[in-house]
There are 4 protein chains.
Amino acid sequence: MVVVMKTSATQAEVDEVVERVREAGGEAFVSPGRSRTIIGLVGDTLQFLEMPLASLPGVEQVIRVGRPYKLVARELHPEPSTVMVGNHPIDRKTVTIIAGPCAVESLEQTMEAARMAKRAGAHLLRGGAYKPRSSPYSFQGLAKEGLEILAACREETGLPVVTEVLEPRDVELVASLADALQIGARNMQNFSLLKEVGKSSTPVILKRGLSATVEEWLMAAEYVAREGNMDIVLCERGIRTFETATRNTLDLAGMAVARDATHLPVIADPSHATGVRELVAPMAKAAVAAGADGIMIEIHPHPSEALSDGPQALTGMDLDRLVEELSALGVALKKPVPGQAKDGKKSGVGWASSR
Amino acid sequence: MVVVMKTSATQAEVDEVVERVREAGGEAFVSPGRSRTIIGLVGDTLQFLEMPLASLPGVEQVIRVGRPYKLVARELHPEPSTVMVGNHPIDRKTVTIIAGPCAVESLEQTMEAARMAKRAGAHLLRGGAYKPRSSPYSFQGLAKEGLEILAACREETGLPVVTEVLEPRDVELVASLADALQIGARNMQNFSLLKEVGKSSTPVILKRGLSATVEEWLMAAEYVAREGNMDIVLCERGIRTFETATRNTLDLAGMAVARDATHLPVIADPSHATGVRELVAPMAKAAVAAGADGIMIEIHPHPSEALSDGPQALTGMDLDRLVEELSALGVALKKPVPGQAKDGKKSGVGWASSR
Amino acid sequence: MVVVMKTSATQAEVDEVVERVREAGGEAFVSPGRSRTIIGLVGDTLQFLEMPLASLPGVEQVIRVGRPYKLVARELHPEPSTVMVGNHPIDRKTVTIIAGPCAVESLEQTMEAARMAKRAGAHLLRGGAYKPRSSPYSFQGLAKEGLEILAACREETGLPVVTEVLEPRDVELVASLADALQIGARNMQNFSLLKEVGKSSTPVILKRGLSATVEEWLMAAEYVAREGNMDIVLCERGIRTFETATRNTLDLAGMAVARDATHLPVIADPSHATGVRELVAPMAKAAVAAGADGIMIEIHPHPSEALSDGPQALTGMDLDRLVEELSALGVALKKPVPGQAKDGKKSGVGWASSR
Amino acid sequence: MVVVMKTSATQAEVDEVVERVREAGGEAFVSPGRSRTIIGLVGDTLQFLEMPLASLPGVEQVIRVGRPYKLVARELHPEPSTVMVGNHPIDRKTVTIIAGPCAVESLEQTMEAARMAKRAGAHLLRGGAYKPRSSPYSFQGLAKEGLEILAACREETGLPVVTEVLEPRDVELVASLADALQIGARNMQNFSLLKEVGKSSTPVILKRGLSATVEEWLMAAEYVAREGNMDIVLCERGIRTFETATRNTLDLAGMAVARDATHLPVIADPSHATGVRELVAPMAKAAVAAGADGIMIEIHPHPSEALSDGPQALTGMDLDRLVEELSALGVALKKPVPGQAKDGKKSGVGWASSR
């Protein structure tokens with residue numbers, strides 16, 4: 001931490017800052033500048049953060065140095081983490097494919113999508129049973145019934161299930177039926193929910209908020225970790241900017257920054273990020289080239305019948321081709337898509353067994 | 001609603017759109033353009049919004065015309081609403097002053113702030129018992145004890161109490177002790193919470209999300225209204241932009257747009273919007289000049305001891321002066337601050353009785 | 001300046017930073033932190049800014065402390081500046097009104113607008129002879145003929161003229177016919193143009209760029225000042241954000257920050273900021289309440305015939321009313337609109353003489 | 001174009017819109033909605049754009065349908081364009097590598113960088129002789145001397161030269177010494193400059209503005225094209241958002257949208273987009289995976305001595321490795337880096353001849 005004093009600050013005001021820091025068990029190094037004095041603080045950053053230093057008389061600015069999170073930081077945990085979702089490991093050496101419909105609409109539609117996902121070589125099935133919708137007049141999801149449909153699809157395809165949870169009191173139920181709990185972008189700073197999933201032993205996929213900085217995203221992960229749940233996967237899904245040609249702006253450099261700052265796996269969701277079917281494949285490939293440890297893709301057996309986000313859903317054939325392309329890319333990048341042959345073609349066993 | 005077809009769209013594709021609209025009970029007017037056809041839809045906008053028109057073959061774009069909300073829209077409810085918080089009406093003819101500390105830290109601190117608010121002429125007391133904090137290591141609020149402190153302050157000063165609620169299962173408790181429930185910016189699209197406060201009969205102060213459009217903000221209000229609670233006050237508190245000189249960017253034009261689109265009162269929070277003490281007074285005055293129906297201000301008896309947001313808190317003297325300035329402004333704008341004399345000085349009765 | 005070293009930095013790397021700073025004539029104070037070392041630099045900030053410190057091995061971050069501009073900074077020039085445009089002073093004690101059409105379309109239209117401006121009590125006439133338009137197919141302005149029309153309007157009404165200049169080679173011509181040179185938002189970092197108007201002795205109205213921080217805006221002013229022209233007026237005109245309800249987002253807090261950081265007058269342009277006629281008056285009032293030293297308003301005798309920006313132009317009656325309202329506000333704020341009586345009504349002399 | 005009438009619009013107001021459109025030679029189709037009438041316009045979009053329809057009484061909104069540009073649009077020019085820079089073609093089938101220092105500082109530094117670029121397999125040399133700098137106190141470039149240094153480097157290495165031009169009066173000189181003229185982000189809407197380079201026969205690399213939408217970027221290209229110069233390469237270089245972890249936010253989806261909308265080649269500049277050396281390689285790879293037709297990279301023989309942007313410059317070894325990685329990626333994507341062997345290794349001839 002660095003405290004910058006006003007040009008008009010008195011010696012007494014400088015002394016008070018030093019005094020406060022020492023009382024709190026830290027050390028303060030004073031650089032008496034020509035126009036303004038700078039004080040470097042040495043000690044526990046997290047503790048200094050809680051001190052109202054910026055409100056002290058004579059203080060112009062308090063600049064934080066160092067990261068405001070610990071458990072998810074790479075500094076104290078240099079080894080990358082692997083997060084097991086069902087029997088599938090999400091790690092930094094491979095590219096995990098998560099696919100499924102935006103919303104669980106019916107058993108038929110979800111089962112059909114699950115088979116599409118399985119056939120294409122996806123590793124996990126996604127699908128929303130509880131849907132956060134901007135409008136109260138939009139389809140709000142099938143809730144518990146949707147969870148049961150997902151469980152039935154897992155039963156048939158063997159794909160572990162990822163689904164969103166919207167409020168603390170649902171965490172137990174959702175965790176009992178799903179293999180990973182998704183926290184959506186709008187809930188990234190729903191701290192009650194973060195704490196609740198932090199108490200669960202089910203893995204968490206934490207989406208970045210629409211207007212969250214990378215640092216705030218990691219702080220949200222720290223909320224989960226602090227309650228004891230370290231099985232966290234971060235998911236970049238686009239931020240809100242002035243550009244309206246896409247729904248959001250996929251921030252792959254932000255994803256790379258997060259990936260560097262933490263030991264957790266980081267994936268990308270090109271479907272929500274763009275909102276445009278034609279952009280899903282190029283952005284999925286771009287994400288993998290930028291280092292993404294996985295990709296989350298929306299698919300639908302009949303996009304023109306979808307109750308939610310049809311315009312961005314891929315069909316089964318689109319997904320087949322995309323997984324093939326990602327496999328080829330994975331070979332070039334030495335970061336394979338598990339279950340795909342080294343030459344970018346599907347490996348026999350895993351695929352045949354899914355039929 | 002307007003459906004814009006691709007330049008390559010076939011007649012059959014145009015016909016399918018028309019057919020779908022008619023099946024849904026609407027009418028479709030086709031404008032066969034030189035390069036692309038446009039189809040105007042006539043009927044229930046909210047219904048069309050749920051149709052997957054954008055996913056139909058040949059469709060380039062679906063443009064919504066008209067508002068996606070009803071209950072909070074001014075069109076069907078031209079008379080401005082008055083929201084009673086305790087015995088204080090928030091309406092469009094006056095400027096309500098809400099003041100109090102960011103966080104309830106102790107009985108002493110909150111009572112002192114409440115007296116400052118009362119003395120200056122504020123109408124409502126604000127204070128956070130449940131605090132949404134970016135860091136899990138920051139002070140998280142006194143919870144139920146905080147609510148009881150606020151109730152004690154109301155007891156002494158007579159000021160009705162506004163306080164934030166963070167999760168659905170706390171709504172009942174908070175509503176039992178507070179006069180208005182605040183939904184914070186980070187929870188503006190916490191739809192479970194919106195539905196829960198919508199079922200309450202306690203008024204709701206709904207802050208605009210950091211990256212929410214005015215339309216999304218009104219849709220969030222529609223969630224509350226749809227559950228039956230029409231006592232909603234909107235609060236502009238700054239949006240996130242690239243500018244870092246202030247914490248957020250206070251969007252007064254957005255506030256004016258919201259005020260025009262709805263019948264609900266709309267207020268502003270210059271403290272959170274700027275994060276800088278020196279900017280609170282100019283932005284409070286600007287908000288009132290732009291039409292704000294109220295102002296929410298953070299104060300603290302000892303800002304340099306504050307556990308949260310000290311750098312933006314006003315002292316009692318700052319608040320006294322600001323209320324005087326707002327009163328003078330209110331006179332010029334013919335929108336008075338209740339309880340202040342017409343010449344901008346405190347009116348005897350209301351003020352004396354508060355001692 | 002503060003140099004933050006990486007946690008992995010060696011003593012030799014720290015020493016190199018210190019050495020470099022001393023070679024450059026500065027002093028370096030080292031705070032050897034537990035996890036990372038911080039080095040406070042004392043000396044000439046502008047000089048340090050040019051050193052490639054961030055590229056030195058072991059350096060994580062270089063944090064600038066202090067302002068990167070001098071001539072326009074308030075610190076070394078605490079007295080507010082007055083800028084004379086023709087015979088009208090723009091200063092911090094009064095509210096200057098600048099009005100006129102977006103584009104000079106014809107003598108008739110501009111003269112009519114000039115009379116509207118004069119009658120309402122405006123002090124300066126604005127109008128674009130050179131128009132920067134997003135599309136090459138849009139009306140590009142009357143160029144020199146437009147300047148002559150403006151001069152004719154000044155001749156009749158006595159109002160000094162403000163007009164935009166688009167490129168360095170036009171500066172001399174425009175300055176010969178206008179009383180103030182406007183630099184538009186899109187040219188705020190057209191450094192060749194800034195240098196050229198800096199060599200002129202004609203006052204400059206410098207609009208903030210669409211995505212310029214307050215600091216970049218002041219740096220642009222520094223470019224002008226450094227060439228010798230200190231007659232600069234800053235103009236806030238909205239920044240680009242995600243919100244689409246208004247054309248731009250008027251950043252009044254940014255304006256207030258700029259006003260605090262510099263000795264120059266700062267005005268606001270609510271017409272371009274909002275792009276919506278109904279929002280011009282509330283935002284003009286808000287700007288004045290936030291401290292604006294002037295307001296720039298677009299008017300048109302027949303908005304539905306305007307070749308540019310008709311939807312945001314006020315009519316003569318709109319302007320009359322707005323000036324009255326601003327005058328009343330000016331009285332309440334003790335910052336009058338010159339030429340308007342203290343009670344907010346037009347003062348006889350100035351107004352009658354304009355007939 | 002679609003004109004949306006207010007709910008309060010009268011039949012006469014609808015009729016006036018129809019009348020105006022017909023007078024202008026277009027056709028108007030009226031959809032008389034329940035709450036509001038919609039009018040579809042058929043005819044020349046560019047012409048309608050210039051009509052002040054939004055200012056007519058009763059009109060709520062005018063929605064443009066179709067693109068506001070023609071010459072650069074893919075619709076009328078479906079075949080992708082190839083732009084020759086010197087003897088190197090930039091096209092959509094290959095990945096062009098442009099490398100060089102941010103600023104030309106001296107003959108030695110630039111020549112060393114040029115050799116690094118050549119050795120690594122780059123096709124074009126970049127380097128700034130005229131530098132647009134935020135601060136007037138920063139190094140402003142060597143101007144003509146810098147151009148001559150670049151010419152000397154081309155002489156030795158054979159690499160064609162790309163360099164920025166800052167103002168209209170310099171275009172002729174810069175074009176006489178360079179193989180491509182770069183228009184920087186800050187000048188993307190410097191329309192005088194766009195027109196001037198449009199009159200030149202030298203290719204133009206047009207960077208996207210910091211806060212420019214994809215559409216505005218293409219409109220800027222249309223300015224160049226309309227003057228006769230169709231040799232335009234678009235360059236995505238990051239947009240300004242709230243995220244501060246990177247200098248800008250590289251918008252690869254925006255790049256892909258532009259690439260779809262136009263027939264021109266589109267490249268990316270990961271150096272300026274991120275401002276962080278470690279992010280340049282991942283973002284270069286991501287850009288190529290997203291379809292970029294080329295990559296522009298900053299390199300410096302001694303980054304810690306650089307006068308500009310040292311922290312983002314790659315060294316020669318970094319560049320060697322990056323080109324190898326891009327080559328491998330190009331093979332997987334069937335979009336090769338010219339001069340590199342199909343297996344991702346340098347092809348003998350081109351490389352050996354450069355020694």
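Proteins come first, then strands; the chains are lettered A, B, ... in the order of their sequence lines, and each starts at number 1.
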**Asked** With chain C, which of Thr246(B), Ile239(B), Thr274(B), Thr244(B) has the greatest number of heavy-atom pairs at distances under 4.5 Å?
**Response**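 Heavy-atom pair counts peak at Ile239(B).
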**Request:** Return the option, out of Arg208(B), Glu278(B), Glu216(B), Glu215(B), with the maximum number of heavy-atom pairs under 4.5 Å with chain C.
**Result:**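 Result: the option with the highest number of such pairs is Arg208(B).
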Drop me the distance from [X]'s [atom1] to [Y]'s [atom2], to the nearest 0.5 angstrom.
X	Y	atom1	atom2	result
Leu333(C)	Glu325(B)	CG	CD	8.0 Å
Arg259(B)	Leu279(C)	CZ	CG	12.0 Å
Phe242(B)	Asp251(C)	CZ	CG	7.5 Å

Just so I know, are the side chains of [X] and [Y] near enough to count as touching, which here means a heavy-atom distance under 4.5 Å?
X	Y	result
Glu243(B)	Val214(C)	yes
Leu252(B)	Leu250(C)	no
Thr241(B)	Thr249(C)	no

Residue [X] versus chain C: region with a heavy atom under 4.5 Å:
X	result
Ala273(B)	neither
Ser211(B)	both
Thr213(B)	both

**Message:** Can you give me the closest heavy-atom contact between Ala328(C) and Ala332(B), atom names plus distance?
**Reply:**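 Distance-wise, the nearest heavy atoms are O-CB, 3.9 Å.
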**Message:** Taking every non-hydrogen pair under 4.5 Å, which of Ala286(C), Ala281(C), Gly291(C), Ala292(C) racks up the most with chain B?
**Reply:**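 Looking at each option in turn, the highest pair count goes to Ala286(C).
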**Asked** chain B: which of Lys285(C), Arg240(C), Met283(C) shares the most heavy-atom pairs with it under 4.5 Å?
**Response**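 Ranked by heavy-atom pairs under 4.5 Å with chain B, first place is Met283(C).
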**Prompt:** At a heavy-atom separation under 4.5 Å, does Ala287(C) approach chain B through its side chain, its backbone, both, or neither?
**Reply:**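 Neither part; nothing is under 4.5 Å.
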